[in-house]
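Sequence lines set the chain letters: A, B, ... in the order given, protein chains first and strands last, and positions in each chain run from 1.
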Amino acid sequence: MPNREFQGYVNVSQIMDQSMFTLRANLASTKIKAALKLAMSVALPKPGACATAGACTLAWMSPDELLIIAPSAEAQKLYSSLDTALSGLHVLLEDVSDARAKFILTGAHVREVLAKLAPMDTHPAQFPVGSFNRTRFAQVAGAVFMEKDDMISLICFRSVQDYVFALFSAAAAHGSEVFQ
Amino acid sequence: MLILNCPYCGRDKDETELAAGGEAHLTRFGPGSSDQDFEGYLFGRANPKGLHFERWRCAAGCGKWFHAARCTATLEVFGTYKAQTLEPPRVIKDAITAKRPGWSWRNFS
C-alpha cells in the first residue's frame, strides 16, 4: 500500500516503512537498563515520555512495556542486537510491525485536531514535546507521541488504520477549524 | 464525568478510557471455604451512597489495574493507589478523614 496523505488545515499521512518491536520486561531492573543501553545506546524513557536514538524511538507504554519504533531498513539489525543484549534475561521481545500502523499529523494546529478525538489534555503545559500517551481516538485505542510543536505521531492497530485515517482526515479538513 | 489519575502511568484518565472493576479489597474464598463465605465473595458487594473503594483498569492506557477511593454520591475522588496492597495507604485514609471525619467502610476506618 502506498503512503496515503490528506491535506487539510493539518496534514495527515501514513508512514509505511516503520518497524515496531514490543519489549515486555521489568523496566526497573538494572540488567534490563544496561542491556538496552548496550543495544541502542539510549537511556530508558521516563513514564509518559519517549526517548530517541537516531532514527529509533523508545516509547514508555506501561511500567513493564516499551515500544521500539525503527525505520524498516535498520530494523533487522536492531532486532538482532536487542535479542543478543537481552539473551538470558526474563523478557519478551516481539516484532509487532505488521500489527500496528503509524500516522503523522503536521501543521500549526495539531494539538487542536488531536483534542477533537482523544480525551486528553493536549495543552503544551500538560503534554510538552517529547511526551507519549496511550489513549483512544474516538472508538479505538491508540498512542500519541508529541514529536515537535507542529508534528504528532499516532500509532494504532493496523486493523483499524482505515478508520483512524478517515477520522483524522475529517477532523483536519478545511472548514473544521475550532479557532479561526 | 469522572477523571481518575492512574498511579502506574501517572496520567489523568477520563472515565471513557477506564474499565470499571467493581468493589476493591475483596477477600477471596476459594476451594475448602464455607458456602456462605464463597457466596459472599462471589456476590456480596457493598453498594454505599457515599465513600466507596473501587477497582479500575487503565484500559485505553497502560493497562494496569488500580484502586480508587471516591464518593458515589458527589463523584468526589479522594485518591487513587496501586493495587498491590491489602488496605488503603495512609495518605488515602488521611485524605478521606479530612473530608469525611469518622468515616468507615467495611473493616477500614
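Counted within 6.0 Å of CZ on A/Arg158, heavy atoms from surrounding residues, nucleotides or ligands total 12 or fewer; the atom is thus considered open. Dense packing is recorded around CD of B/Gln84, with more than 12 heavy atoms of other residues, nucleotides or ligands lying under 6.0 Å away. Sparse packing is recorded around CZ of B/Phe38, with 12 or fewer heavy atoms of other residues, nucleotides or ligands lying under 6.0 Å away.
B/Leu75 and B/Met1 sit in two unconnected hydrophobic clusters of ILVMFWY residues. Membership requires side-chain heavy atoms under 4.5 Å apart, directly or through other members. If you chain together hydrophobic residues whose side chains sit under 4.5 Å apart, B/Trp65 and B/Phe53 never meet in one group. Residues A/Phe165 and A/Val160 share a hydrophobic cluster, clusters being chains of Ile/Leu/Val/Met/Phe/Trp/Tyr side chains in contact below 4.5 Å. Criterion: ILVMFWY side-chain heavy atoms under 4.5 Å apart, direct or through other members. Under it, A/Leu117 and A/Phe157 are part of a common hydrophobic cluster. In the hydrophobic clustering of ILVMFWY residues, with side-chain heavy atoms under 4.5 Å counting as a link, A/Phe21 and A/Phe145 come out apart.
Heavy-atom minimum distance, A/Trp60 versus B/Tyr8: CH2-O, 3.5 Å. For the residue pair B/Glu17 and A/Thr135, the shortest heavy atom distance occurs at OE2-OG1, 2.7 Å. Pairing each heavy atom of B/Lys64 with each of A/Ser62, the nearest pair is CE-OG, 3.9 Å.
Residues of residues 63-101 of chain A having a heavy atom under 4.5 Å from any heavy atom of chain B, listed by number: A/Pro63, A/Asp64.
Residue A/Phe127 touches chain B through its side chain alone, counting heavy-atom pairs closer than 4.5 Å.
In this structure, A/Arg134 CZ and B/Cys62 SG are separated by 7.0 Å, a value rounded to the nearest 0.5 Å.
No donor-acceptor pair closer than 3.5 Å links the side chain of B/Arg11 to the backbone N or O of A/Asn133.
When each of A/Arg136, A/Met120, A/Met61 is checked for heavy-atom pairs under 4.5 Å with chain B, A/Arg136 comes out on top.
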